[in-house]
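Just below is one structure, and these are the notes that go with it.
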Amino acid sequence: MSVLPLVFTSGWASGINAYAVVLLLGVFGATGLTDEVPASLQRTDVLIVAGVLFVCEAVADKIPYVDSIWDSVHTVLRPVAGAVVAALLAGDSGSLPELAAAAVGGSSALMSHLVKAGTRMAINTSPEPFSNIAVSTAEDLGVAGIIIFALFHPVAAALVAGTLLALGLVTVVFLASRIRRFWRRRAQRREGKRPAAAGVGRSPW
């Protein structure tokens, strides 16, 4: 069977939490629960690094505004991770050219990342922190569930991931006004800090 469904699903999941994808694939491959995972993802050093970074993301992703900063840093990292994982999966299976797999995995990761980042911006316009924790937890569980499902039912998982991506894009469109509000607040904070910084060290006389 073609590895394309797994490539697409892993890319979508990487756009939400790339470290969880690498960690889960590596653990399932290393424990022998599946033979779909390339050996490079099963290495002990890769699993340790992915585990540490997953913990860092699990914490940062649940703190208002810190999650948006984390997302901005990962605007490049998540699509790259999605492309690399996809290329490794394709190279191990031999059923799909690695370059094509990287393009599919990277582009699906980029789109899901933009959905996640946009949704978090909208959520951060709310004064309470509990929505961040709830959404982040749901994302973590969703990524874990879809990756495990994809290893055993790749086509069905790809259909689910595609549906979630489409719904996410529609949701971001509906949240556009709140996303713009987030950027306005961010710009106001920057403008508010500039006068204070400019006055530091000056004599009041």
Side-chain angles (χ1 to χ4, degrees), residues 1-58 61 70-71 74-117 135-169:
M1 182 181 291
S2 172
V3 76
L4 181 59
L6 181 57
V7 162
F8 174 79
T9 304
S10 65
W12 173 84
S14 295
I16 299 173
N17 193 327
Y19 307 124
V21 172
V22 174
L23 183 61
L24 281 169
L25 289 176
V27 168
F28 268 70
T31 54
L33 294 174
T34 179
D35 56 1
E36 297 289 334
V37 181
S40 54
L41 293 177
Q42 302 177 35
R43 289 169 39 185
T44 303
D45 57 338
V46 172
L47 293 178
I48 291 174
V49 171
V52 171
L53 291 174
F54 170 73
V55 172
C56 293
E57 174 145 340
D61 208 39
W70 186 269
D71 285 339
H74 285 74
T75 300
V76 175
L77 295 178
R78 286 173 182 156
V80 169
V84 170
V85 169
L88 290 173
L89 290 170
D92 194 59
S93 72
S95 63
L96 182 70
E98 293 180 32
L99 186 59
V104 173
S107 58
S108 60
L110 176 61
M111 287 188 290
S112 63
H113 165 76
L114 293 176
V115 168
K116 171 176 179 163
V135 171
S136 177
T137 302
E139 288 172 349
D140 293 341
L141 295 175
V143 166
I146 199 72
I147 288 297
I148 295 171
F149 188 47
L151 288 172
F152 303 102
H153 305 283
V155 175
L159 291 174
V160 173
T163 301
L164 291 174
L165 179 58
L167 291 174
L169 292 170

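Note that the structure is predicted; figures quoted are calculated from it, not measured.
- In this structure, CG in L23 is found 10.5 Å from CZ in F28, a value given to the nearest 0.5 Å.
- G91 and E98 make their closest contact through CA-OE2, 3.5 Å (heavy atoms, listed as atom of the first residue, atom of the second, distance).
- A distance of 4.0 Å separates NZ in K116 from CZ in R78, rounded to the nearest 0.5 Å.
- L89 and P38 make their closest contact through CD2-CD, 3.7 Å (heavy atoms, listed as atom of the first residue, atom of the second, distance).
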Criterion side-chain contact (heavy atoms from CB on, under 4.5 Å) on E139 and V135, from CA distance to verdict: CA-CA 6 Å; E139 288 172 349; V135 171; 3.6 Å; yes
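- Checked options V21, N17, L6; the residue passing with I147 is V21 (criterion: side chain to side chain contact (heavy atoms under 4.5 Å, CB included)).
- V49 pairs with exactly one of L53, V46, V52 by the side chain to side chain contact (heavy atoms under 4.5 Å, CB included) rule, that one being L53.
- Closest non-hydrogen pair, A109 versus G82, comes out as CB-CA, 4.2 Å.
- The minimum heavy-atom distance between S107 and A103, with the atom names listed, is OG-O, 2.7 Å.
- A distance of 6.0 Å separates CG of D61 from CG of D71, quoted to the nearest 0.5 Å.
- Of all heavy-atom pairs between V37 and Q42, the closest is O-NE2, 2.9 Å.
- With a 4.5 Å cut-off on side-chain heavy atoms, L25 and L151 count as touching.
- Here the straight-line distance linking atom OG of S112 with atom CH2 of W12 works out to 7.0 Å at 0.5 Å rounding.
- L141 CG: more than 12 foreign heavy atoms inside a 6.0 Å radius.
- Smallest separation of non-hydrogen atoms from A101 and V7: O-CG1, 3.5 Å.
- In this structure, CG in L24 is found 11.5 Å from CG in L41, a value given to the nearest 0.5 Å.
- For the atom pair CG (L164) and CD1 (I16), the distance works out to 7.5 Å, reported to the nearest 0.5 Å.
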